[in-house]
There are 2 protein chains.
Amino acid sequence: MKKITIKDVAQEAGVSTATISRVLNNTGYVSEGARRTILETIERLNYRPNAIARSLKQDRSRMVGIVLPDMTNPYFMKLSRSLQKRLRQSGLHGMFMDTYGDPDMELEALNGLMMMRVEAVVLAGTGRNVPAIRKMVRGSGIPFVLVDRKLPGVAADLAAEENEAAAHEAAAELAQRHEAIGILAGPDWISTARERLDGAAAALREAGVALPASYVFAGDLTRESGREGILTFLQLPKPPTAVFSVNNEMTFGLYLGLREAGKALDSIEVASFGDLEFSGLFGHRLSIVEQCPDEVGQAAAELLIRRLAHAEKGEGTESRTFVPTLVRKW
Amino acid sequence: MKKITIKDVAQEAGVSTATISRVLNNTGYVSEGARRTILETIERLNYRPNAIARSLKQDRSRMVGIVLPDMTNPYFMKLSRSLQKRLRQSGLHGMFMDTYGDPDMELEALNGLMMMRVEAVVLAGTGRNVPAIRKMVRGSGIPFVLVDRKLPGVAADLAAEENEAAAHEAAAELAQRHEAIGILAGPDWISTARERLDGAAAALREAGVALPASYVFAGDLTRESGREGILTFLQLPKPPTAVFSVNNEMTFGLYLGLREAGKALDSIEVASFGDLEFSGLFGHRLSIVEQCPDEVGQAAAELLIRRLAHAEKGEGTESRTFVPTLVRKW
DNA sequence: TTGTAAGCGTTATCAA
DNA sequence: TTGATAACGCTTACAA
């Protein structure tokens, strides 16, 4: 069980470690004979080069940090999957960190990644660490790519969705048939939530639909707060007849709340940013803004790879890729 | 942007690198004065110790490989989350690898992890690399913990669910009311699928319900194959009036298929292993075997930590933790 | 309480 | 075409 190193292989094969290294990395000249013996010895000893030593020597970890608020959320994992797929093609590995949406854990995760000397960071932030992250982006010398969520004043590439336009379109749809429209909103510091609220509110305004404060519920993107939101709306003297929800979890909570209140699931019309699995199955009176996690992940990967390739050429200005979303009417 | 090392800190603080190291690791004696200057210098230079160098020197990567067939599957990610949470408490980081259920990618992932010198591996296998994995477990000298899925003949700890008993219970329930029961099964080499099929088949046998070959559809656990399965059943001269499905994705496909065939979603009674998000919302004539990813993940973590702690004391025999599942009737 | 220096397993430079 | 050998950034005996 003794761990076997390049020296053991060298000894067994009767060559120097330098030669082993050359065949391992296809670098420099190696005679065909030597190459064969070496490969055979490697196989026989079941030798695997130590990536840690290699990283140290080459000053390249070949790792990319991926920092997410919720790894059980399929949206982020679909995004990560397409990202990781592209990274692998470039010989990079993703190091995933789950922040649980908590600012302290986010900072801890980022610090850990800096110590691991990741070559880049992909971040869907909590929105609550902007100054620290800005400093880190400046000081680290590695590229950051923001995904899904923007962070104001952070000079990094971005891959995200067209939140405002899509929310506008979906809310405008509701406005054609309703005069009392509620909005399940999210925290102000999460850019996606804010943009979707802004887009929807603008649509209502343009359609001449009033939006009293009591029709905007400030939730936190969780199922539970969606439930609270609809229950709150239902208490109102004149409850909304339609609701726009800024994310799918809150939409789900909305339905839980309706059921809890003994209302039919189609007793109100709903437009939701983000899909619900069952929408195709039962979806009545439900419009969906379909998101494109795969495209966002791929875009992020492209930005990353490009940035890594041009690392030496100095920073340049940051790029932003927006992927269009699709509004699907039921 | 020059990268700053322990030497820079030593120079700035006017001490040796050894002393820096001592305060960094809280090891050995350091005068209070020195400690303060050093911490201040670290702060000022914004120094972060290089985890790679540390790993190399200490021969401890503090990383655990986590190999999964599908990172977009919430079941596996819930499992991973509780696993990771516990790992972090022990100063370990998870290195996630998605195999897409593909044996070649699985091997590639495992090889990569061995090169990274992970201290342990948590694996939900494809079931198609048993000999190679057995060899790796023997040769690597690091603990493996299998999660969710067993691998025959692989001497490793295991944390999994009570598949057979739960499937038995759920199918017995159906057998009380039906005589024509179909089963949406999975690949034979995935232990969970096989055990659930076995449990269900046994229940039917004991209840005296016939199970002709045409009532067992060999799917692959995907949504698409669930759809195919139900459509195939519906073609039968005498279609089943109830179906037991070995996982939630296939169950979802079943409903898609029903809808496609123009049948009402409650035109047949269904028992499903694994939850569907909407089951609480619409769930009629649907029984669920609720799984416990959190518990499995936690159990895996415990096994891992224990194994790591006793690493020097030789192997010992492998342990298996089974977490009980709950059958929820609608 | 502190410093010196040897290594951890590689890669890369320089000679041979 | 190959081999010595000096790093990479850290930890850790061992001395002082």
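In what follows, chains carry the letters A, B, and so on, assigned in the order in which the sequence lines appear, proteins first and then strands, with residues in each chain numbered from 1. Only a predicted model underlies this, so the values are computations on that prediction, with no experimental measurement involved.
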Task: Nearest-angstrom distance from the residue atom CD1 of B/I4 to C1' of D/dG9 - done: 12 Å

Open item on the list: Applying a 4.0 Å non-hydrogen cut-off, can you work out what A/N50 is touching in the nucleic acid: base, sugar-phosphate, or nothing?
Closed with: sugar-phosphate

Open item on the list: Please check if the number of heavy atoms outside B/R35 that lie under 6.0 Å from its CZ is greater than 12.
Closed with: yes

Open item on the list: In whole Å, I'd like the distance from the CD atom of A/Q58 to the C1' atom of C/dA12.
Closed with: 10 Å

Open item on the list: Just checking B/Q298: does its CD atom have more than 12 heavy atoms from other residues, nucleotides or ligands closer to it than 6.0 angstrom?
Closed with: no

Open item on the list: The side chain of A/K57 is closest to which nucleotide in this list: D/dA7, D/dT5, D/dT2?
Closed with: D/dA7

Open item on the list: Report for the helix from C/dT1-D/dA16 to C/dA16-D/dT1: angle between first-end and last-end helix axes, five pairs each, rounded to 10 degrees.
Closed with: 40°

Task: Among C/dA12, D/dC10, C/dG3, the one nearest B/A53 by side-chain distance - done: D/dC10

Open item on the list: What's B/S21 touching, base or sugar-phosphate or nothing? Going by heavy atoms closer than 4.0 Å.
Closed with: base

Open item on the list: Tell me the interatomic distance from B/R22, atom CZ, to D/dG9, atom P, rounded to whole angstroms.
Closed with: 21 Å

Task: Carboxylate-amine/guanidinium contact A/R86 A/E302, below 4.0 Å - done: yes

Open item on the list: Distance check needed: D/dA7 P versus B/L56 CG, whole Å only.
Closed with: 17 Å

TODO: Using whole Å, report how far CZ of B/R54 lies from P of D/dC8.
DONE: 19 Å

Task: A/S31 side chain near D/dT2 phosphate (N/O to OP1/OP2, under 4.0 Å) - done: yes

Task: Salt bridge A/D157-A/R306, side-chain N to carboxylate O under 4.0 Å - done: no

Open item on the list: Using a strict threshold of under 4.0 Å (side-chain N to carboxylate O), is an ion pair present between A/D59 and A/R117?
Closed with: no

- [ ] Considering only NZ, NE, NH1 and NH2 on the basic side and carboxylate oxygens on the acidic side, decide whether B/R44 and B/E12 come within less than 4.0 Å.
- [x] yes

Open item on the list: Between C1' on C/dT11 and CD1 on B/I52, what's the gap in Å once rounded to a whole number?
Closed with: 15 Å

- [ ] Would you please confirm or rule out a distance under 4.0 Å between OP1 or OP2 of D/dG3 and any side-chain N or O of A/Y29?
- [x] no

Open item on the list: Over all strands shown, is B/A34 touching base, sugar-phosphate only, or nothing at heavy-atom distances under 4.0 angstrom?
Closed with: sugar-phosphate

Open item on the list: Is any side-chain heavy atom of B/R48 closer than 4.5 Å to one of A/N111?
Closed with: yes

- [ ] May I have the distance from A/N25 (atom CG) to C/dT10 (atom C1'), rounded to whole angstrom?
- [x] 9 Å

Open item on the list: It should be established whether A/T17 places a side-chain nitrogen or oxygen under 4.0 Å from OP1 or OP2 of nucleotide C/dG9.
Closed with: no

Task: Distance in angstrom units between B/R36 CZ and C/dT1 C1', rounded - done: 16 Å

Task: Phosphate OP1/OP2 of D/dG9: any B/T5 side-chain N/O under 4.0 Å - done: no

- [ ] Using the closest heavy atom to pick a nucleotide of DNA chain C for each, name whichever of B/V15 or B/R117 lands nearer the 5' end.
- [x] B/V15

TODO: Using a 4.5 Å cut-off on heavy atoms from C-beta on, say whether the side chain of B/I52 contacts that of A/I52.
DONE: yes

